[in-house]
Amino acid sequence: MGLKDIIRAIREYPAARAELETARSELRQAQQELEQSRETCESLWFTLDEQKDYTKFLSSKAEALQATLEEFCPRLSTPEELKRFYDAISPDMDPSGFTLYRMAKELTGIDVPSCFPYEDNRGLFEEMSGHSLLDWLTAVRFQAVDWDIIPGTTYEAATLREVDTSTPEYQAFEKQLYEKVLGRMGFQDLLEPDRDGPARTPGHPPPQPKRGDTR
């Protein structure tokens, strides 16, 4: 190594040493972070094991409660019994009624906003609960809707009438609806077996309400 190389090495030494110290510092920080990550990982594994145990406990509890219900609860068979049972569990399992509404939509093929373009364009259904949407769906299904032209427009506004819930057709619809909902919630073992097969809504294609110009 020549004199020039020695002089250059002496000049570069402080910067190289500082760079080395920086690298060592970064290495120590990385090691500390790795150790913290290991401790966090161990804590998460411990929490996961606790959650697994608690989930297992809840599953066993649910099975025990289900068995108790099957032992002491009479089989649900009438629309009134089915609805009363749903009303008892819905505050916890279906508080807004959307499970009920979606099942009614699945059974009938009726989409409420599509049937009422005027009200839909006004945003009427945006914040509506599933229970309220079901009222509109039921009105369409059982033709309990009056239509009025909005003056100066091609829109038609809907007014819902009271649905006759005493008809055999409505009773069959309500029975099937609540059977399906309770079955989806996991209570199918509490339902009275239907010897003639699953209940069917006496049917015809759902009536199509008149629709105004949505533009």
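When reading the values below, keep in mind they use all heavy atoms of this one structure, side chains included, and skip hydrogens, waters and symmetry mates.
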Engineer: Please find the pair of heavy atoms, one from Leu191 and one from Leu82, that lie closest to each other, and give the distance.
Structural biologist: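 Closest approach of Leu191 to Leu82, heavy atoms only: CD2-CD2, 3.5 Å.
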Engineer: Are the aromatic ring centres of Phe116 and Trp147 under 6.0 angstrom apart?
Structural biologist: yes
Engineer: Identify the heavy atoms of Pro91 and Pro95 that sit nearest to each other, and give their distance.
Structural biologist: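 Looks like O-CB, 3.6 Å.
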Engineer: Please determine if Arg24 and Glu21 form a salt bridge, counting it only when a charged side-chain N lies under 4.0 Å from a carboxylate O.
Structural biologist: yes
Engineer: If we ignore hydrogens and angles and just use 3.5 Å, is the side chain of Glu119 paired with the main-chain N or O of Ala157 as donor and acceptor?
Structural biologist: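 Not confirmed, Glu119 side chain does not pair with Ala157 backbone.
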Engineer: Check for a donor-acceptor pair, side chain of Arg102 on one end and backbone N or O of Gly130 on the other, with a separation under 3.5 Å.
Structural biologist: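 No; zero donor-acceptor contacts below 3.5 Å.
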Engineer: Atom CG in Asp49, atom CG in Leu44: separation rounded to 0.5 Å?
Structural biologist: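 Going from CG on Asp49 over to CG on Leu44, the span is 11.0 Å.
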Engineer: Apply side-chain contact (heavy atoms from CB on, under 4.5 Å) to residues Gln171 and Glu80 and explain how you reach the verdict.
Structural biologist: CA-CA 10 Å; Gln171 291 290 316; Glu80 292 77 14; 4.0 Å; yes
Engineer: What closest approach, in Å, do Val163 and Ala144 show between heavy atoms, and which atom pair accounts for it?
Structural biologist: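 For Val163 versus Ala144, the nearest heavy atoms are CG2-CB, 3.9 Å.
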Engineer: Please confirm whether the backbone N or O of Ser77 pairs with a side-chain atom of Glu81, one donor and one acceptor, at under 3.5 Å?
Structural biologist: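 Indeed, once roles are kept as given, a pair shorter than 3.5 Å links the two residues.
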Engineer: Compute the centroid of each ring, for Phe85 and then for Tyr178, and state whether the two points are separated by less than 6.0 Å.
Structural biologist: no
Engineer: Can you tell me how far apart CG (Leu137) and SG (Cys115) are? Round to the nearest 0.5 Å.
Structural biologist: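 Here the rounded value is 7.5 Å.
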Engineer: Just verifying a value: how many Å separate Asp135 CG and Leu160 CG, rounded to the nearest 0.5 Å?
Structural biologist: 7.5 Å
Engineer: With a sphere of 6.0 Å drawn around CD of Glu162, does it hold more than 12 non-hydrogen atoms of other residues, nucleotides or ligands?
Structural biologist: no
Engineer: What's the separation between atom CG in Asp189 and atom CG in Leu76, rounded to the nearest 0.5 Å?
Structural biologist: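 Reported value, rounded in 0.5 Å steps: 11.5 Å.
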Engineer: First locate atom CZ of Phe173, then atom OG1 of Thr108, and finally report the distance between them rounded to the nearest 0.5 Å.
Structural biologist: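 Interatomic distance, Phe173 CZ to Thr108 OG1, rounded to 0.5 Å: 6.0 Å.
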Engineer: Hydrophobic cluster membership, with links at side-chain heavy-atom distances under 4.5 Å among I/L/V/M/F/W/Y: are Ile149 and Tyr118 in one?
Structural biologist: no
Engineer: Within the side chain of Ser90, is there an N or O that forms a donor-acceptor pair under 3.5 Å with the backbone of Tyr86?
Structural biologist: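 Answer holds: yes.
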Engineer: Can you see which heavy atom on Val112 is nearest to which on Tyr101, and at what distance?
Structural biologist: N-OH, 3.5 Å
Engineer: Between Glu179 and Lys175, does at least one N-O distance fall below 4.0 Å, as a salt bridge requires?
Structural biologist: yes
Engineer: Mind checking the CG-CZ spacing from Leu134 to Phe98? Nearest 0.5 Å is all I need.
Structural biologist: 11.5 Å
Engineer: Is the number of heavy atoms from other residues, nucleotides or ligands within 6.0 Å of CD (Glu19) greater than 12?
Structural biologist: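 No, CD of Glu19 has 12 or fewer neighbouring heavy atoms, counting only those of other groups under 6.0 Å.
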Engineer: Do Tyr170 and Glu174 have side-chain atoms, one donor and one acceptor, less than 3.5 Å apart?
Structural biologist: yes
Engineer: Between Asp94 and Thr99, is any side-chain donor less than 3.5 angstrom from a side-chain acceptor?
Structural biologist: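 Yes - a donor-acceptor pair under 3.5 Å links their side chains.
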Engineer: Under a 3.5 Å cutoff, is there a donor and acceptor pairing between the side chains of Glu33 and Ser37?
Structural biologist: no
